[in-house]
Amino acid sequence: MRAKESSRPLITPNPKEMSFGSQTVEIKDCLHISSIGNDYGFLHNLTQIYDSIFFKNQNSGFGSSCSNNLLLEVKNSFVMMPAGFNPKDQSYKLEVMSNGNIHIEAQYQVGVLRAMDSLAQILDHSNGKTVIPHVPLEISDEPRYGYIGLLLDISRNYYPMETLKTIINGMRMSKVNVLHLHLTDDDSFPIDLPSFPGMVKHTALSPEEVYTVKDIHEIISYANQNGVKVIPEFDIPGHTRSIGDDPSFSHLMTCLNRISKWQMPDGTRIKGGPSGGVLNPTLEETYDFVDKVINDLRKIFSSSDFIHLGGDEVNTNACWVLDEKIGQWMQENEFANGNELFAYFQQKVGTLAKESGVRTAHWVYQNNWDLKWDEGSVLQYWGDSQYIPKFQETYPDHQHILSVHELFYFDCGLGNRYGVDLCNPYQTWARIKMFEPTDYYSPDSDQLLGGEGAMWSELNTAHNVFNKIWPRLGVISSIFWSGKVEKPFKWGDIVEELVSYRDYLKANGVEANQVTSRYCEANPHKVFDAWDSEDFESIEYLFA
């Protein structure tokens, strides 16, 4: 079933409040945009984004002498979005009147984008026309949580600029407002930073797979135009082997090029790779290097609310305690174990970040509850959902982001770089939909900023990444944008909405995977509505 065939507006994520009628209105010639206190740069941006989305296969578009008008009222009319993650910053009111005129109110420009994508999802473009169904239509909307993100790993695989921009387009259409760029890892350090000219000759995957400062600024600007913030991640002290590829910095590393053994399905033991690498926390040169990276990122990502500094999966015993020189340093400085040395590293890095005016974020997993993090930092939890209460109990004074890996990791169930299992099973849209944040956090608590889907890139290309992200990212967006879905779920409605959302993405240049089979997509209620007969258990299955 498609949007034009539905008896209700199909909008993903579901709006907070919505009322609608049964009329249809055709935008016959063009749509004139007028504004109260808006800047012309934003209006130009608006027409650039939505002209091809609103008007397909016809010689019409946004214009000046039109039968229909779109009036914008933006309170903070020259600001796309402010600092922070207040849910009300993305709020909007949308009204489509019986005469086809449209009125949008918003706190910031980003709210206008959210309103436009809500309206665009329900447009009917049959027969080369632009028709608005379900008129008169009124929507009052804002997200439950202010942070709805997508992590994209650009270290383990390189994505061309146009691919990154298309991903941002899909994020805007999904009301996802944060692009978390995992910039560096063991595989590569592809960012050409001003403080280290020429380092990427050694640390990038290839000379062609490098992001310049100009490239990053272009992505940040494009993301901002689409209502998306960009958060950089420099994962330290682990996941840093690629830094050691530059001979100038290899002495900062421990465990460099140590074999990472793996066993193949037939029992063959292979060397594995890329090998590990961890920064040496006993060298002042390490902190000089980190300080320069942080300050480069602070300048490049000047509008970012924080810089993510990773802190995940550090083998402190093998790479620090058992290292002869580091072990001796630990004895001389009375460090009892690797966790104490890790705390020392984090304290030093936290001080550097604070002196640079940078708020930090870090990864937290269920096996490192004893680690302490710098005051005021954001903690992103990627462990099992069953341990979220322990995460809350351990870190009550930090704000949280949830990326529970058994639900929000898009690479799970697709195998790893060696062709064997990885964090099975595959995370289906239906399993993701079952997650509810208020099962763990009070609805009125400001501790939880929101949630984030993670697209790690060991096995990605610019072609398959879209089908891995979508439509599942839309389900995560629905969880953190819309209100709590009461059980039992109305699966027929959910599938109907998800198929319409997937079609909206594909119609506007963002590839997305099937929701279900073609037959089931065309008949969501016939297939997915709950069985209302009392003799359900007595029905014999056609197939075992």
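What's counted below: heavy atoms across the whole structure, side chains too, no hydrogens, waters or symmetry copies.
For Lys390 and Tyr381, the positive end is not near the middle of the six-membered ring at less than 6.0 Å and at most 45° from its axis.
Between Tyr387 and Trp382, the distance from one ring center to the other does not fall under 6.0 angstrom. Side-chain rings of Phe391 and Tyr440 stay apart, their centers remaining 6.0 Å or farther from each other.
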Derivation and outcome, side-chain contact (heavy atoms from CB on, under 4.5 Å), residues Met455 and His182: CA-CA 10 Å; Met455 187 67 266; His182 185 78; over 6 Å; no

Glu17 and Lys93: CA distance, side-chain angles, deciding distance, salt bridge (Lys or Arg N to Asp or Glu O under 4.0 Å) verdict: CA-CA 10 Å; Glu17 297 177 9; Lys93 291 182 179 180; over 6 Å; no

Tyr50/Asn508 under side-chain hydrogen bond (donor to acceptor under 3.5 Å, both in side chains): CA gap, chis, key distance, verdict: CA-CA 10 Å; Tyr50 293 102; Asn508 293 289; over 6 Å; no

Full working for ring pair (Phe, Tyr, Trp, His ring centres under 6.0 Å) between Tyr158 and Tyr211: CA-CA 9 Å; Tyr158 175 86; Tyr211 299 103; 4.7 Å; yes

Verdict with supporting geometry, Tyr426 and Arg472, side-chain contact (heavy atoms from CB on, under 4.5 Å): CA-CA 11 Å; Tyr426 177 86; Arg472 292 184 292 169; 3.4 Å; yes

side-chain contact (heavy atoms from CB on, under 4.5 Å) between Ile479 and Tyr145, worked out: CA-CA 9 Å; Ile479 290 169; Tyr145 298 94; over 6 Å; no

Derivation of the side-chain contact (heavy atoms from CB on, under 4.5 Å) call for Leu309 and Val349: CA-CA 9 Å; Leu309 294 178; Val349 170; 3.7 Å; yes

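Surrounding CH2 of Trp491 are more than 12 heavy atoms belonging to other residues, nucleotides or ligands, all under 6.0 Å away. For Lys490, the NZ atom counts as loosely surrounded, since its 6.0 Å shell holds 12 or fewer non-hydrogen atoms of other residues, nucleotides or ligands. Residue-environment remark: CD (Gln386) exceeds the threshold of 12 foreign heavy atoms within 6.0 Å. Residue Lys506 qualifies as enclosed at atom NZ: its count of foreign heavy atoms under 6.0 Å is above 12.
Annotation: the span from Lys348 atom NZ to Asp374 atom CG amounts to 14.5 Å, rounded to 0.5 Å. Put simply, CG on Asp296 and CZ on Phe301 are 10.5 Å apart, with the number rounded to the nearest 0.5 Å. In this structure, CG in Leu459 is found 8.0 Å from CG in Asn464, a value given to the nearest 0.5 Å. Taking NZ of Lys299 as the reference point, atom CG of Asn295 lies at 6.0 Å (rounded to 0.5 Å). Atom CD1 of Ile388 is separated from atom CZ of Phe435 by 4.0 Å, given to the nearest 0.5 angstrom. Here the CG-OG1 distance, from Asp245 to Thr240, works out to 11.0 Å after rounding to the nearest 0.5 Å.
Inspection of the Glu452 and Tyr147 side chains reveals an N or O donor paired with an N or O acceptor under 3.5 Å. Counted by atom type alone, Ser155 and Asp153 present zero donor-acceptor pairs between their side chains at under 3.5 Å. For the residue pair Asn157 and Asn460, no side-chain donor N or O sits within less than 3.5 Å of a side-chain acceptor on the partner. With no hydrogens or angles considered, a side-chain donor-acceptor pair links Glu496 and Ser6 at under 3.5 Å. Between the side chains of Thr12 and Glu497, no donor-acceptor pair is found at a separation under 3.5 Å. Residues Asp215 and Thr212 bring a donor and an acceptor atom of their side chains to less than 3.5 Å of each other. With no hydrogens or angles considered, no side-chain donor-acceptor pair links Asp235 and Trp363 at under 3.5 Å. Glu458 and Asn416 form no side-chain donor-acceptor contact under 3.5 Å, judged by distance and modelled atom types alone.
Between Phe410 and Leu150, the closest side-chain pair of non-hydrogen atoms falls below 4.5 Å. No side-chain heavy atom of Pro143 sits under 4.5 Å from any side-chain heavy atom of Arg114. Counting heavy atoms from C-beta on, the side chains of Ile219 and Met161 come closer than 4.5 Å. With a 4.5 Å cut-off on side-chain heavy atoms, Met253 and Ile243 count as touching. Within the 4.5 Å cutoff, side-chain heavy atoms of Phe342 are placed close to those of Pro237. Between Gln346 and Leu371 the shortest side-chain heavy-atom distance does not fall below 4.5 Å. Pro13 is not listed as a side-chain neighbour of Tyr501, based on a closest heavy-atom distance of 4.5 Å or more. Contact check for Val510 versus Thr166: side-chain heavy atoms found under the 4.5 Å cut-off.
Tested against Trp373 for a ring pair (Phe, Tyr, Trp, His ring centres under 6.0 Å), the candidates His398, His362, His400 yield a single pass: His362.
Ion pair Arg417/Asp187 flagged as a salt bridge, since at least one NZ, NE, NH1 or NH2 atom sits closer than 4.0 Å to an Asp/Glu carboxylate oxygen. The pair Lys229-Asp305 meets the salt-bridge criterion, since a charged nitrogen lies less than 4.0 angstrom from a carboxylate oxygen. A salt bridge does not link Lys175 to Asp117: none of the charged side-chain nitrogens sits closer than 4.0 Å to a carboxylate oxygen. Ionic pairing of Glu375 and Lys354 is not present here: no N-O contact between side-chain nitrogen and carboxylate oxygen is shorter than 4.0 angstrom. Residues Glu436 and Arg144 are paired through a salt bridge, judged by an N-O separation under 4.0 Å between the basic side chain and the carboxylate.
Side chain of Ser174 to backbone of Gly474: no donor-acceptor contact under 3.5 angstrom is found. Between the side chain of Gln447 and the backbone N or O of Tyr441, no donor-acceptor pair lies under 3.5 Å. Counting only distance, with no hydrogens or angles, the side chain of Tyr395 and the backbone of Trp369 share a donor-acceptor pair below 3.5 Å. Looking at Asn86, its side chain does come within 3.5 Å of a backbone N or O of Lys88 through a donor-acceptor pair. Checked by atom type and distance alone, the side chain of Asp141 never pairs as donor or acceptor with a backbone atom of Tyr92 at under 3.5 Å. At distances below 3.5 Å, not a single donor-acceptor pair connects side-chain atoms of Arg298 with backbone N or O atoms of Gly357.
Applying the disulfide (SG to SG under 2.5 Å) criterion to Cys520, with sequence neighbours excluded, gives no partner residue.
Between Tyr108 and Pro82, the closest heavy-atom pair is CZ-CG, 3.6 Å. Heavy atoms only, all atoms of each residue included: Asn513 and Arg502 are closest at O-CG, 3.4 Å. Nearest heavy-atom pair, Tyr159 versus Ser457, reported as atom, atom and distance to 0.1 Å: OH-OG, 2.7 Å. Considering all non-hydrogen atoms of both residues, Phe408 and Ser403 come closest at CD1-CA, 3.8 Å. Considering all non-hydrogen atoms of both residues, Asp384 and Gln366 come closest at N-OE1, 2.6 Å. Across Val495 and Pro524, no two heavy atoms sit closer than the pair CG1-CB, 3.9 Å.
Phe189 and Phe234 have perpendicular rings, their planes meeting at more than 60° on a 0 to 90° scale where under 30° would count as parallel.
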